[in-house]
Number of protein chains: 2
Amino acid sequence: MFGATLLRMTFDPAPRVSVSDHVFGRLRDAIVSGRYAPDETLPGERELAGAFAVNRHAVREALRRLQQLGLVRVSQGGATRVLDWRVHAGLDLALSLARSGDVLPVETLVRDMLEMRACVGIDAARLCAERADPAVVAALVRAAEEYGDLAPDLDLMNKANIAIWRLVVRGSGNTAYQLAFNSLVAGTFAVGDVPPDARAAELLDVAGHRCLAASVASGQGAAAARHARELLTAPVTTPTSPTSGREARA
Amino acid sequence: MFGATLLRMTFDPAPRVSVSDHVFGRLRDAIVSGRYAPDETLPGERELAGAFAVNRHAVREALRRLQQLGLVRVSQGGATRVLDWRVHAGLDLALSLARSGDVLPVETLVRDMLEMRACVGIDAARLCAERADPAVVAALVRAAEEYGDLAPDLDLMNKANIAIWRLVVRGSGNTAYQLAFNSLVAGTFAVGDVPPDARAAELLDVAGHRCLAASVASGQGAAAARHARELLTAPVTTPTSPTSGREARA
DNA sequence: ACACATCAACTCGTCAACTGGTTGTACCAG
DNA sequence: CTGGTACAACCAGTTGACGAGTTGATGTGT
């Protein structure tokens with residue numbers, strides 16, 4: 001353990017970013033930050049390659065990724081146009097945004113992702129309780145029971161918490177929820193440590209997770225949704241302004 | 001209208017798929033369908049290039065996109081390993097899945113996306129009503145008023161409907177909701193026409209959309225959420241099997 | 001003066017062959 | 001069994017070239 005701490009504190013994991021990753025990140029930030037307005041034409045591949053001092057193929061790989069992300073639209077013969085990411089980009093952009101922030105206020109992004117986590121988690125808990133797969137439910141109950149054993153270590157609890165919610169989302173049988181959950185988890189991981197205090201309160205609520213699992217196991221969707229709401233809305237309502245309604249808990 | 005129908009029925013939208021797109025789609029389907037199990041090693045780039053009879057760069061571009069989608073993890077020197085897309089893939093995969101279905105039951109995927117649309121839309125309506133930007137609210141009210149003018153044409157109404165909800169999501173001020181909404185819209189568009197009847201009932205409910213806009217304009221989050229729920233939950237509860245619990249509505 | 005076909009100069013799309021850095025494995029001396 | 005080396009396989013990146021498509025200007029006929 002001493003060695004691990006020493007290593008983690010002393011040495012970086014090596015800044016090994018590939019060339020195309022570099023180009024991709026720069027262009028993404030430039031587009032999202034608005035330095036390239038929507039409908040504007042990006043420089044040609046050769047020009048970009050010259051500007052970044054890299055090969056054209058590296059630029060092409062970066063452009064392909066930007067295209068898949070919904071940030072640009074390349075067309076053979078024509079110029080590559082910048083798209084409005086607020087309209088064409090998918091949820092995966094959030095991860096990419098969080099990973100190298102600065103371009104968007106990180107606090108707001110984290111709040112948004114926590115809000116979405118609550119929204120999806122609550123409904124997933126309800127669905128999981130209703131159309132439950134026995135195996136998943138059993139795994140969920142077991143995970144919830146073993147959850148308290150990690151009591152003091154917030155890092156471990158966070159991992160276990162993600163595992164629990166992953167089971168819930170899987171149990172919901174909704175692929176879209178599952179994929180969105182992955183995006184959110186990756187995003188919050190990329191952004192580093194989110195609001196520590198509020199999340200800590202949520203993570204340490206071992207009883208709440210047990211109640212959630214029990215509700216799911218007994219097939220009571222409404223109760224599962226209620227418990228999920230109590231767990232998930234705390235981090236989003238506590239640190240932010242008191243605008244969001246507290247009516248649901250009354 | 002005759003010409004449009006003729007064109008749509010007669011000619012394909014041009015099978016202009018680039019080589020890298022082809023490789024990408026094939027590999028994606030192979031991975032998602034399970035022909036490549038998680039943790040399995042994909043063939044090398046040269047081997048794949050040989051198998052597809054294309055250049056290695058085309059394979060590289062495809063692999064880059066797969067990596068960004070969270071389907072594989074390539075590492076220099078080592079082999080490219082297949083990841084479990086249920087764990088590592090983001091919501092954008094849903095679009096990619098819907099675009100070339102067959103690999104996953106389309107009905108289920110559509111149901112899932114409609115469910116998620118309802119879940120996100122309801123909360124977005126609530127947030128939009130609470131933290132409203134006057135300009136967006138004004139645009140929303142205007143859009144809702146002009147919505148009924150397109151009464152008979154379901155295609156136009158669908159477009160206008162998307163515009164309305166886009167305003168709602170934008171008004172919510174939640175970037176994650178916005179991005180997820182984009183993913184869902186693109187996915188439902190890609191899958192072609194989703195359950196026509198249920199969606200038609202929703203689309204033709206002009207009064208419901210006006211009520212939603214009015215609730216948002218008056219800043220009543222709960223009412224906006226209720227109207228959004230009435231609009232969005234109809235398509236998901238009506239056409240599916242009666243397995244989903246009806247307790248919540250009782 | 002206007003409409004239209006033609007063409008040249010871009011752009012992206014694809015390909016071939018090459019060099020270099022990284023990983024994993026097999027092998028061998030101690 | 002340990003530690004080091006040698007080698008093969010792989011990914012990463014580069015160079016150079018050609019084909020395919022788009023765009024805008026040019027020239028021509030009406």
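All chains are named by letter (A, B, ...) in the order of the sequence lines, taking the proteins before the strands, and each is independently numbered beginning at 1. These numbers were taken from a predicted model, which means no experiment stands behind them.
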Which pairs count as side-chain hydrogen bond (donor to acceptor under 3.5 Å, both in side chains) when at least one residue sits in residues 69-89 of chain B, sequence neighbours excluded?
-> none

dist B:Leu179:CG -> A:Ser183:OG (nearest 0.5 Å) comes out at 9.5 Å

Which pairs with one or both residues in residues 170-186 of chain A pass salt bridge (charged side-chain N to carboxylate O under 4.0 Å, His left out), sequence neighbours excluded?
-> none

Determine yes or no for a side-chain-to-main-chain donor-acceptor pair under 3.5 angstrom, with A:Asn161 supplying the side chain and A:Leu203 the backbone.
-> no

Contact list for DNA chain C against residues 36-43 of chain B - heavy-atom distance below 4.0 Å | none

Check side chain to side chain contact (heavy atoms under 4.5 Å, CB included) between A:Ala186 and all other residues, then give those that pass, not counting sequence neighbours.
-> A:Leu95

Considering only distance and modelled atom types, tabulate donor-acceptor pairs under 3.5 Å from the side chains of residues 45-52 of chain A, sequence neighbours left out.
from	atom 1	to	atom 2	distance (Å)
A:Glu45	OE1	A:Arg56	NH1	2.6
A:Glu45	OE2	A:Arg60	NH1	3.2

Would you call A:Arg65-A:Asp21 a salt bridge at under 4.0 Å N-O?
-> yes

Give the rounded distance in Å between these two atoms: CZ of A:Phe52 and P of D:dT14.
-> 13 Å

Not counting sequence neighbours, list each pair that qualifies as a ring pair (Phe, Tyr, Trp, His ring centres under 6.0 Å) and has a residue in residues 137-163 of chain B.
-> B:Tyr147-B:His209

Can you name the side chain to side chain contact (heavy atoms under 4.5 Å, CB included) partners of B:Ile162, sequence neighbours left out?
-> B:Asn158, B:Arg166, B:Phe181, B:Val185, B:Phe189

Residue list, side-chain hydrogen bond (donor to acceptor under 3.5 Å, both in side chains) with A:Thr41, at least two apart or on another chain | none

Nucleotide nearest A:Val19 when distance is taken to its side chain, options C:dT14, C:dG13, D:dG13 | D:dG13

Rounded to whole angstrom units, what separation is found between the CG atom of B:Leu63 and the P atom of D:dG13?
-> 13 Å

Distances under 3.5 Å between nitrogen or oxygen atoms of protein and nucleotides 18-26 of chain C:
from	atom 1	to	atom 2	distance (Å)
C:dG21	N3	B:Gln76	NE2	3.4

Atom-to-atom span, CG of B:Asn55 to C1' of C:dT14 - whole angstrom | 7 Å

Whole-Å distance, A:Arg73 CZ to D:dT22 P, equals 12 Å

Taking atom CD of B:Glu40 as the centre, report whether more than 12 heavy atoms of other residues, nucleotides or ligands fall under 6.0 Å from it.
-> yes

Of the residues in residues 64-72 of chain B, which ones touch DNA chain C at a heavy-atom distance under 4.0 Å?
-> none

Evaluate side-chain hydrogen bond (donor to acceptor under 3.5 Å, both in side chains) for B:Arg111 paired with A:Thr175, printing each intermediate quantity in order.
-> CA-CA 10 Å; B:Arg111 184 206 62 175; A:Thr175 305; over 6 Å; no

Taking A:Val82 as the fixed residue, which of A:Leu71, A:Ile31, A:Asp39 is the one that meets the side chain to side chain contact (heavy atoms under 4.5 Å, CB included) rule?
-> A:Ile31

B:His57 NE2 to D:dC18 C1', in whole Å, measures 15 Å

Could you state the atom-to-atom distance from NE2 of A:His22 to C1' of D:dG13 in whole Å?
-> 15 Å

Does B:Asp123 have any salt bridge (charged side-chain N to carboxylate O under 4.0 Å, His left out) partners at least two apart in sequence or in another chain, and if so, which?
-> B:Arg126

Dot-bracket assigned to DNA chain D with the 3.5 Å Watson-Crick/G-U criterion, [ ] for crossing and | for other-strand pairs, is ||||||||||||||||||||||||||||||

When rounded to whole Å, the CZ to P distance for the pair B:Arg60 and C:dG13 reads 17 Å

Whole-Å distance separating the CZ atom of B:Phe24 from the C1' atom of C:dG13 = 18 Å

